[in-house]
Amino acid sequence: MTEAQNPALEEADSHQLVSHEQHLAAVEAVLMVTEEPVTAKQLAAAVDVSEHRMVALLDQLRAEADGAAGGRQRGYELREVAGGWRYYSRARYAEQVSAFVLGDQTARLSAAALETLAVIAYRQPVARSAVAAIRGVNVDGVVRTLVQRGLLDTAGHDPVTGATLYVTTAQLLERLGLDSLADLPQLSPHLPGVEDLQEHEHPGM
Amino acid sequence: MTEAQNPALEEADSHQLVSHEQHLAAVEAVLMVTEEPVTAKQLAAAVDVSEHRMVALLDQLRAEADGAAGGRQRGYELREVAGGWRYYSRARYAEQVSAFVLGDQTARLSAAALETLAVIAYRQPVARSAVAAIRGVNVDGVVRTLVQRGLLDTAGHDPVTGATLYVTTAQLLERLGLDSLADLPQLSPHLPGVEDLQEHEHPGM
Amino acid sequence: MLPVGMLSAEAETTSGFQVRLDGFDGPFDLLLGLIAQRRMDITAVALAEVTDEFLTYVRTLEPEKALDESSNFVFVAATLLDMKLVQLLPGSEVESDEDIAVLEARDLLFARLLQYKAFKQIAEQMAAAAAENAGRFPRRPGTHPEMAHLLPELQWRTTAEQLKELAERALLRQQLEPDHVVMEHLHTQQVNIQEEMASMAEQLRSAGACTFGELVTAAPSRLVVVVRFLGLLELFRDRTVEFDQQAPLGELTVTWSGGAHDDAAHAIARAGAEWGGSGHD
């Protein structure tokens with residue numbers, strides 16, 4: 001096997017003679033077994049390099065997969081979403097891939113589901129009644145389905161009314177391909193009292 | 001993007017000008033995101049090439065991942081398991097992978113995992129979506145943990161939806177000190193029957 | 001009413017737009033500051049009036065300046081609307097039914113529509129993001145044969161009987177949570193503006209005239225009061241009813257001015273359309 005040692009790329013404080021290529025491969029190996037986006041910090045701890053170095057490794061892997069380094073463009077891409085890194089199939093092969101992925105992943109989000117998600121995204125943690133008041137319709141069924149699909153999660157109860165409170169999940173961000181909710185374009189001008197909302201913006205994400 | 005046309009490698013009967021690289025990438029895309037090994041035949045159908053040609057593509061991808069073609073050896077390898085193909089993390093990075101996995105694993109099952117196991121024990125064979133409908137939350141993560149723990153196993157697919165079905169294992173019976181599933185304590189007769197559950201199985205959005 | 005000069009120093013004045021209202025005369029931003037500091041009652045500010053004034057003002061500006069001022073205005077107005085909404089939405093603290101009645105109805109309509117529109121736009125953006133992302137599927141780890149060895153030895157203490165109880169509890173919980181959970185305990189309910197308008201039209205048609213108090217006397221909640229008030233305004237737009245109020249905060253008398261038949265139908269249909277999906281998803 002190739003052991004392309006490149007001292008210039010080693011951590012100065014590394015006491016092991018681990019090659020740059022082995023670090024890249026170790027990151028790939030970890031990303032193969034993760035079930036959600038993994039932060040550079042988590043990866044850095046597992047591979048035993050600095051977080052700064054890990055970001056450089058991840059950037060290189062991303063560029064490689066995209067064919068930027070001269071190799072062929074891969075059928076997968078390494079993306080930074082929901083605060084972490086994860087391999088995804090490349091959108092141009094959606095047709096070939098979709099035969100193998102089931103149900104929830106391909107199901108479209110209805111207008112009702114999207115509006116409900118929008119309200120909860122900006123008002124979280126929030127009770128269903130508050131969402132219903134804004135949307136003007138009962139949202140119980142939609143909310144329950146969204147929880148089952150992992151796009152919403154419960155987050156305790158309203159201290160006064162006892163109503164269950166809901167928050168959006170990292171899976172929603174993944175579904176939208178966003179690193180954080182702040183990446184939604186034109187977040188602020190839409191809504192009143194942006195300052196008030198920001199406290200609630202990312203509970204437990 | 002590179003469009004490395006190689007007529008010699010094209011299917012003789014291919015009417016589309018699809019490059020060899022795009023075929024490789026399409027196979028990579030599928031293998032990267034499927035949860036279970038996929039047969040060459042299934043892949044051939046999805047990518048629209050002959051099965052014979054697909055085996056050659058898979059061999060090339062395997063060699064590439066192993067660094068045989070001159071590139072670096074990857075942290076993943078393409079393995080043929082039980083007649084199907086899938087990317088796995090490479091055994092030599094087990095140390096880093098285990099450092100990552102151990103980071104958030106405990107010796108005991110969570111309450112969510114135990115409840116999921118209990119529901120599956122009484123409703124098997126059952127799809128994750130049905131368990132999610134009963135429990136009201138997404139169960140993908142806990143089901144995977146239970147499979148890893150050897151307490152659950154897959155048992156084919158739902159003939160209608162294609163969803164993977166899960167059953168409990170002999171190991172669970174052993175831990176419970178039971179000889180067979182028939183020895184599980186009877187559920188209260190007032191609970192909803194399996195028929196009722198099926199309506200909730202695939203909530204439309 | 002308020003010594004504006006004394007306060008202007010503590011408010012950030014970024015807008016050149018001046019408002020002239022009953023009891024307030026000064027920069028628009030300052031208005032927000034005063035309300036935020038609870039030195040002025042938000043419900044006393046007629047935003048529709050302010051908006052009309054602003055539109056007149058902004059037409060006098062150069063395009064670039066107008067854009068700056070407009071976005072600032074929208075921000076401040078949105079903040080004001082939010083404050084109003086806090087007081088209007090179910091579950092909030094409104095002092096009395098009179099508080100609601102004194103609100104400019106157009107403000108309320110405007111506020112609700114603006115808020116709903118904002119969320120609709122966000123939903124559209126989310127839909128676009130989801131569509132943009134649709135062809136990508138995440139790597140799923142599946143089961144790795146080696147992974148089992150990496151896990152710490154499982155500590156198992158659950159008996160078959162406990163497992164049964166867990167299953168029963170899960171199945172029972174599902175049974176207890178039917179599809180449409182009753183909303184009463186959540187302190188809200190859906191109100192259909194068309195139904196409210198139809199019943200008020202019926203009541204007014206037979207009585208000739210009622211006070212607002214009489215029209216809402218049987219209202220089960222504040223939300224119904226608000227919806228009925230909005231419904232009345234819709235009827236008023238078509239001159240199907242007339243209002244009479246002798247003094248500010250005084251009793252509001254509603255007089256039927258339509259005929260004996262379906263004069264209210266147009267207003268009801270329009271209200272149904274404007275307020276979108278009257279209770280259905």
Side-chain angles (χ1 to χ4, degrees), chain A residues 31-36 76-77 79 86-95 97-98 101 105-106 108-109 111-112 114-115 117-119 121-122 127-130 132-142 144 161-163 174-178 184-193 196, chain C residues 71 74-75 77-86 89-91 111-112 114-142 144 146-147 177 179-181 183 185-191 223 275-281:
Chain A
L31 288 172
M32 280 300 119
V33 303
T34 60
E35 53 189 84
E36 48 195 42
Y76 52 80
E77 50 189 345
R79 306 185 70 218
R86 191 175 186 182
Y87 277 114
Y88 285 82
S89 65
R90 204 169 281 284
R92 61 182 302 199
Y93 302 108
E95 197 189 319
V97 172
S98 60
V101 290
Q105 286 191 75
T106 45
R108 286 174 67 94
L109 291 164
L114 283 163
E115 273 180 37
L117 287 168
V119 174
Y122 285 81
R128 283 179 305 209
S129 58
I134 290 170
R135 292 200 51 229
V137 292
N138 183 303
V139 297
D140 293 1
V142 180
R144 202 186 43 252
T161 65
E174 275 202 77
R175 184 68 196 263
L176 301 178
L178 301 176
L184 276 175
Q186 297 167 44
L187 178 94
S188 50
H190 282 304
L191 274 189
D196 307 336
Chain C
S71 36
V74 167
F75 176 76
T79 309
L80 289 171
L81 285 172
D82 191 41
M83 291 172 168
K84 277 197 174 189
L85 282 170
V86 165
L89 288 176
R112 284 219 50 167
L114 191 79
Q115 186 188 44
Y116 184 58
K117 196 166 172 244
F119 281 117
K120 268 196 109 76
Q121 282 179 26
I122 291 161
E124 280 161 21
Q125 289 175 1
M126 289 172 79
E132 163 80 12
N133 200 43
R136 301 186 175 103
F137 300 96
R139 161 79 182 176
R140 291 183 178 254
H144 269 61
E146 300 84 359
M147 294 274 279
E177 288 179 14
D179 249 32
H180 291 282
V181 178
M183 298 286 279
H185 66 289
L186 298 174
H187 305 280
T188 190
Q189 71 285 96
Q190 304 310 313
V191 186
L223 185 61
W275 288 82
S278 47
H280 301 286
D281 219 348

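Letters A, B, ... are given to chains in the order of the sequence lines, protein chains preceding strands, and every chain is numbered from 1.
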Which portion of A:Glu174 sits near chain C, non-hydrogen atoms under 4.5 angstrom: both
Identify which one of A:Tyr88, A:Tyr76, A:Tyr87 satisfies the side-chain contact (heavy atoms from CB on, under 4.5 Å) criterion when paired with C:Arg136. A:Tyr88
Would a 4.5 Å heavy-atom cut-off, applied to side chains only, mark A:Leu176 and C:Met126 as touching? yes
On a heavy-atom basis, which atom in C:Asn133 and which in A:Arg79 lie closest, and how many Å separate them? OD1-NH1, 2.8 Å
Is A:Arg90 close to chain C through its backbone or its side chain, or both, or neither, when contacts mean heavy atoms under 4.5 Å? backbone
Can you check whether A:Thr34's main-chain N or O pairs, donor with acceptor, with C:Arg139's side chain at less than 3.5 Å? no
Between chain C and each of A:Ala94, A:Ala111, A:Ala118, count heavy-atom pairs under 4.5 Å; write down the option with the most. A:Ala118
Comparing A:Gly177, A:Gly162, A:Ser89 against chain C, the one with the most heavy-atom pairs below 4.5 Å turns out to be A:Ser89
